[in-house]
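The block underneath contains the structure these notes are about, expressed in structure tokens.
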Amino acid sequence: MDTGRTGQGAKVAVAWRQATSACSLRDAFACGPMAPGACATAIVDLREWQPWRDEAWSLLDASERQRASQRRFAQDREALALTYALHRLFVAGSLRIEPHAFSIARDAEGAPHLPGMTLEGRNVRTSLSHADGVAAFALCALGPVGIDVEAAFRAAELPGIATSVCHPTELESLANFAEPARSRALLALWVRKEALLKAEGIGLAREMCSFRAAAGAEFFLAGSARELPAACSVRLAMLDVGERWTAAVAAPREAAVECQQLHPLDAPPSGRSVDGRSLYVS
């Protein structure tokens, strides 16, 4: 936010920044507890959390701070620090534990996992995605989980790489779509495939064009996901996150997928109450 301007607009911007950051990041954040049979997901607009971008660093562990610090541009460093901090608060709030009471480890590609974390005797899995000022988180104790989110404007970039994203039968189906519906369908396909590959723990090791990923489809995972249980399967679901973003999750077929959009609580409109604080759920 530019506060170097003069005039009434600048005063309003400064006042908003001061009012919004009057409480701590932990006090501004809340999410409901995750039920053992659920897959909890959350979407956050990072722009809403900018007033806490400096405080976010204090919630990171040493490896997270190092990883965020390696980004070349300041805005990318701030966005990643905010994403990591909000992810930690999401996990803590969902499991009703303190943010520093657990470790978030990462594999060579940066995918997060929760070593030693269990819920009712089951390993808790998590996934994270961030792009263009938005972040998405997923948490589940029933099996592997993967989430992906993209800004809706990215749809315009996908027709040029459709052959790399689509299975031949998917390309055939998309040929019947006119623009912009075709590009939107491509973006939805992209996030479903990304979510599935994250759940399997193999990143982009498998070519997207080598498999199909219809919404609602079930997949048996045979990749290299950490502690992948035998005959583990996930189901792909699109998340209702509004028109600005496109998001999907791959979660165990028996999991009830819950999606919430989380906003700062410093000056919220009416919302559902959780422990005396407002929570927006959509």
Exercise. Decide if atom CZ of Arg77 counts as having more than 12 heavy atoms of other residues, nucleotides or ligands within a radius under 6.0 Å.
Key: yes

Quiz item: Residues in side-chain contact (heavy atoms from CB on, under 4.5 Å) with Ala38, at least two apart?
Solution: Met34, Ala35, Glu258

Quiz item: Any donor-acceptor pair under 3.5 Å linking the side chain of Arg235 with the backbone of Gly216?
Solution: yes

Quiz prompt | Qualifying residues under side-chain contact (heavy atoms from CB on, under 4.5 Å), relative to Thr163, sequence neighbours excluded | solution = Leu171

Quiz prompt | Any donor-acceptor N/O pair, Ser210 side chain to Glu207 backbone, under 3.5 Å | solution = yes

Quiz item: So, for Val191 and Thr246, which heavy atoms are closest and what is the spacing to 0.1 Å?
Solution: CG1-O, 3.7 Å

Quiz prompt | Qualifying side-chain hydrogen bond (donor to acceptor under 3.5 Å, both in side chains) pairs with a residue from residues 29-41, counting only residues at least two apart or across chains | solution = none

Quiz item: Just wondering, more than 12 heavy atoms not from Gln75 lying within 6.0 Å of its CD?
Solution: no

Quiz item: Ignoring hydrogens and geometry, is there a side-chain-to-backbone donor-acceptor pair from Glu170 to Ala213 under 3.5 Å?
Solution: yes

Exercise. Kindly say whether Phe177 contributes a backbone atom to a donor-acceptor pair with the side chain of Arg182 at under 3.5 angstrom?
Key: no

Exercise. State, to 0.1 Å, how close Arg96 and Cys31 come at their nearest heavy-atom pair, and which atoms those are.
Key: NH1-O, 3.2 Å

Quiz prompt | Members besides Phe153 in its Ile/Leu/Val/Met/Phe/Trp/Tyr cluster (side-chain heavy atoms under 4.5 Å) | solution = none

Quiz item: Sequence neighbours excluded, which residues qualify as ring pair (Phe, Tyr, Trp, His ring centres under 6.0 Å) partners of Trp49?
Solution: Phe29, Trp52

Exercise. Kindly write out the residues that satisfy side-chain contact (heavy atoms from CB on, under 4.5 Å) with Ala247, not counting sequence neighbours, or none if the list is empty.
Key: Ile43, Val149, Leu239, Val241

Practice problem: Please check if Met238 and Trp245 belong to a single hydrophobic cluster, counting links between Ile, Leu, Val, Met, Phe, Trp and Tyr side chain heavy atoms closer than 4.5 Å. | Solution: no

Exercise. Using ring pair (Phe, Tyr, Trp, His ring centres under 6.0 Å) as the criterion, list what pairs up with Phe90, not counting sequence neighbours.
Key: Phe137

Quiz item: For the side chain of Ser183 and the backbone of Pro180, is there at least one donor-acceptor N/O pair under 3.5 Å apart?
Solution: no

Practice problem: Using atom types as modelled and distance alone, determine if a side-chain donor or acceptor of Ser127 lies under 3.5 Å from a backbone N or O of Ile147. | Solution: yes

Self-check item: Check: Thr118 side chain, Gly121 main-chain N or O, donor-acceptor pair, under 3.5 Å
Solution: no

Exercise. Indicate yes or no for a side-chain donor-acceptor contact from Arg88 to the backbone of Phe102 under 3.5 Å, with no hydrogens or angles considered.
Key: yes

Quiz item: Quick check: does any side chain N or O of Glu200 sit under 3.5 Å from a backbone N or O of Leu221, one acting as donor and the other as acceptor?
Solution: no

Quiz item: Sequence neighbours excluded, which residues qualify as side-chain contact (heavy atoms from CB on, under 4.5 Å) partners of Gln70?
Solution: Gln66

Quiz item: Is there a salt bridge (Lys or Arg N to Asp or Glu O under 4.0 Å) between Glu64 and Arg106 once you walk through the steps?
Solution: CA-CA 9 Å; Glu64 289 170 330; Arg106 285 178 169 78; 3.3 Å; yes

Exercise. Answer with yes or no whether the side chains of Tyr84 and Arg67 bring together a donor and an acceptor at under 3.5 Å.
Key: yes

Practice problem: Kindly write out the residues that satisfy side-chain hydrogen bond (donor to acceptor under 3.5 Å, both in side chains) with Thr169, not counting sequence neighbours, or none if the list is empty. | Solution: His167

Exercise. Go through the structure and list residues passing salt bridge (charged side-chain N to carboxylate O under 4.0 Å, His left out) with Arg253, not counting sequence neighbours.
Key: Glu218

Practice problem: List, by chain and number, the other hydrophobic cluster members for Phe73, where Ile, Leu, Val, Met, Phe, Trp and Tyr join if side-chain heavy atoms come within less than 4.5 Å, directly or indirectly. | Solution: none

Quiz item: Which residue pairs pass the salt bridge (Lys or Arg N to Asp or Glu O under 4.0 Å) test when at least one of the two sits in residues 138-153, sequence neighbours left out?
Solution: Asp148-Lys198

